[in-house]
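This report concerns only the one structure given below.
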Amino acid sequence: MYQVSQQLLFLATLTSISSSSSIACTPSAYYSAIQSTLDDPLSLSASELDTILRDHIRGHTVIPYTSTNVDCWDALNILDADPSDADSVILIYKQTPDLIANGGLSTGWNREH
């Protein structure tokens, strides 16, 4: 029961993050937080650059690629959800919907969609 509760909490967190415009941002906004430091990256040592980037991503949530618990299939079903159809995801490259149920099928979408 504890494990199921953890999974539900994780999925609820993903849902709130993916639907919150205050957390989600464009790549330019994401990198603007460190851009002033990186304006002249050649002036930094590899160690300094490594530290800056690690500090920037510290605290992120790791989602395993494959797991018997929550994994990237669960995350993709939420993060790539089709806003007009709860049973579909929007494929990244085609920008077309496909049924969640088709995930992993030879005729469906995969985690690299």
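Here the structure is a predicted model, which is why all the values come from computation and not from measurement.
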Exercise. Quick check: does any side chain N or O of D74 sit under 3.5 Å from a backbone N or O of D71, one acting as donor and the other as acceptor?
Worked result: yes
Sorted by chain and number, sequence neighbours left out, salt bridge (Lys or Arg N to Asp or Glu O under 4.0 Å) with D50 holds for R54
Separation of [Y] [atom2] from [X] [atom1] (nearest 0.5 Å):
X    : Y    : atom1 : atom2 : result
I100 : N77  : CD1   : CG    : 4.5 Å
T96  : W109 : OG1   : CH2   : 12.0 Å
W73  : Y65  : CH2   : OH    : 7.5 Å

Applying side-chain contact (heavy atoms from CB on, under 4.5 Å) to S106 and not counting sequence neighbours gives none
D82 meets the side-chain contact (heavy atoms from CB on, under 4.5 Å) criterion, sequence neighbours left out, with S84, D85, S88, I90, P97
Taken in chain and number order and not counting sequence neighbours, the residues that satisfy side-chain hydrogen bond (donor to acceptor under 3.5 Å, both in side chains) with T66 are R111
Applying side-chain hydrogen bond (donor to acceptor under 3.5 Å, both in side chains) to D98 and not counting sequence neighbours gives N102
